[in-house]
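Every heavy atom of this structure was used, including side-chain atoms; hydrogens, water molecules and symmetry mates were not.
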Amino acid sequence: MQQTFDIIIVGAGINGCSLAYALTQKGQNVLVLEQDGVASGGSGAAGAFINPKISKSGPLKELIEKAYLFSLPFYKENFKDATTSASLLHIAKYEDENEKVEYFKEHTMLNTEAAPSELLSSLTPYARSFSNVYIKDNAIVEAQEVCEAMLKGVKQVKLKVTSPRYQDGMWHIDKYKTAKLVLCTGAYEEVFQEPYIKLRRVFGQRCEVTSSTQMHSSVHHEVSVSATKKNGRIAIGASHYLDKDQMPAKEEGEASLVDLARKSVQLDDVRIHSSFTGMRSGSNDYLPLLGPIIDADKSLQNIPANVKNHDEVELEHYPGVYMINGVGGYGFVLAPYLSHIMVEHLLEKKELPSFLAPSRFFYRWLKKGSVR
């Protein structure tokens with residue numbers, strides 16, 4: 001016998017978990033389908049820092065700042081047991097980034113201030129030679145723990161989704177059905193194989209260590225080094241590799257992360273406890289994908305052979321199918337905010353931001369002559 005849900009979410013990373021939580025808070029009957037396990041992919045390997053984007057300007061910086069202001073209190077208020085509040089010191093990674101950091105301090109909606117002398121004295125001389133920006137109100141969350149907490153009370157099924165079937169206004173997946181389907185699958189195999197959606201796969205590793213050095217702030221420089229968390233551990237990560245074959249062996253990767261951390265902060269008596277690897281997704285223009293998914297085959301049937309302005313092409317979408325994807329290394333900042341926007345659209349019909357729509361890649365795909 002088939003079970004009907006208001007909304008089915010595919011993927012239990014931070015995007016899928018945040019959306020499931022937001023929808024459940026609105027009284028929706030939600031099912032989460034996940035092929036491996038909660039936060040088993042890129043989300044589980046993420047450092048789970050609540051980071052702003054330190055850059056001069058641009059839509060991604062502005063989006064992340066809005067998300068930061070939404071997500072930071074979201075975690076602190078709703079998942080305080082999985083959240084460690086601590087200040088953040090971001091240090092320019094290269095000399096030519098000094099100007100960018102200084103510009104950011106003067107052109108951000110976030111509250112910044114001079115870093116305390118005690119924090120600066122804990123840095124290596126190398127780290128102190130670069131510009132920095134200090135944000136007192138910051139936090140780091142436990143990736144696995146917060147994702148699981150978000151799904152408390154939500155029905156979850158371990159299932160690889162490959163070929164949803166649309167019939168009588170409903171999507172049928174195994175013995176489950178819904179009128180609305182949201183894909184939060186990261187860089188893994190797409191549920192709908194669409195040629196215009198090309199996600200960048202980035203492989204990474206983070207490790208958790210203990211140290212006799214007590215970290216009172218998170219420091220981002222060569223790598224991200226968290227404040228000492230509630231469990232007494234420090235998170236170091238995450239490394240980034242565009243090819244899985246570039247990933248070092250587990251022990252080699254852990255040692256590399258610790259060495260990079262020590263270039264910035266003075267960590268003593270370090271003991272590695274665990275490490276995590278995973279694959280995260282990013283888009284080619286670095287902006288997330290949020291919105292309905294276009295059916296390319298049906299849309300192409302609406303394109304006359306002599307069309308010049310592809311932006312005027314009438315698009316055909318998969319009925320009731322949406323995606324949240326391409327959040328890159330900012331997943332734990334963006335996910336609660338993007339989920340909030342998606343819920344407002346699904347339940348209140350509020351318009352989604354056009355600059356995040358997956359359709360932008362469809363138009364670019366057409367203009368490149370991919371189909372003619």
Do the side chains of [X] and [Y] join up, straight or via other hydrophobic residues, at under 4.5 Å, putting them in one cluster?
X: Phe276; Y: Val223; value: no
X: Val202; Y: Phe332; value: no
X: Ile341; Y: Leu69; value: yes
X: Leu257; Y: Ile140; value: no
X: Tyr103; Y: Ile91; value: no

Can you find a pair of side-chain heavy atoms, one from [X] and one from [Y], that are under 4.5 Å apart?
X: Val265; Y: Met215; answer: yes
X: Asn29; Y: Thr4; answer: no
X: Leu31; Y: Ile9; answer: no
X: Tyr176; Y: Ile8; answer: yes

Tyr21/Phe79 aromatic ring centres below 6.0 Å:
yes

Do His221 and Tyr126 have ring centres separated by under 6.0 Å?
yes

Can you say whether the rings of Trp365 and Tyr196 are parallel (under 30°), tilted (30 to 60°) or perpendicular (over 60°)?
tilted

Salt bridge check, [Y] against [X]: does any charged N sit closer than 4.0 Å to a carboxylate O?
X: Lys160; Y: Glu189; value: yes
X: Glu62; Y: Lys53; value: no
X: Lys61; Y: Glu65; value: yes
X: Glu344; Y: Lys350; value: yes
X: Lys76; Y: Asp137; value: yes

Given Phe192, Phe5, Tyr322, the one that forms ring pair (Phe, Tyr, Trp, His ring centres under 6.0 Å) with Trp171
Phe192

Measuring from atom [atom1] of [X] to atom [atom2] of [Y], what distance do you get when rounded to the nearest 0.5 angstrom?
X: His220; Y: Ser264; atom1: NE2; atom2: OG; answer: 11.0 Å
X: Gln28; Y: Ile7; atom1: CD; atom2: CD1; answer: 5.0 Å
X: Gln25; Y: Met150; atom1: CD; atom2: CE; answer: 10.5 Å
X: Leu120; Y: Ser217; atom1: CG; atom2: OG; answer: 9.5 Å

Please enumerate all residues that pass salt bridge (charged side-chain N to carboxylate O under 4.0 Å, His left out) together with Glu208, with sequence neighbours excluded.
Arg206, Lys229

Should Val10 and Val182 be marked as a side chain to side chain contact (heavy atoms under 4.5 Å, CB included) after you check the CA-CA gap, both sets of side-chain angles, and the distance that decides it?
CA-CA 6 Å; Val10 182; Val182 185; over 6 Å; no

Only pairs at least two apart or in different chains count here, so list each side-chain hydrogen bond (donor to acceptor under 3.5 Å, both in side chains) that has a residue in residues 280-293.
Ser281-Asn325, Ser283-Asp285, Asp285-Arg360, Asp285-Arg364

Candidate pair Glu254 and Lys250, rule salt bridge (Lys or Arg N to Asp or Glu O under 4.0 Å), full reasoning
CA-CA 6 Å; Glu254 293 169 346; Lys250 179 177 179 292; 2.9 Å; yes

Pick out which of Leu290, Leu23, Ile324 makes a side-chain contact (heavy atoms from CB on, under 4.5 Å) with Ser339.
Ile324

Could you walk me through whether Tyr166 and Tyr318 pass the side chain to side chain contact (heavy atoms under 4.5 Å, CB included) test, one step at a time?
CA-CA 9 Å; Tyr166 191 70; Tyr318 291 98; over 6 Å; no

side-chain hydrogen bond (donor to acceptor under 3.5 Å, both in side chains) partner of His172, the single match among Gln167, Gln2, Lys177
Gln2

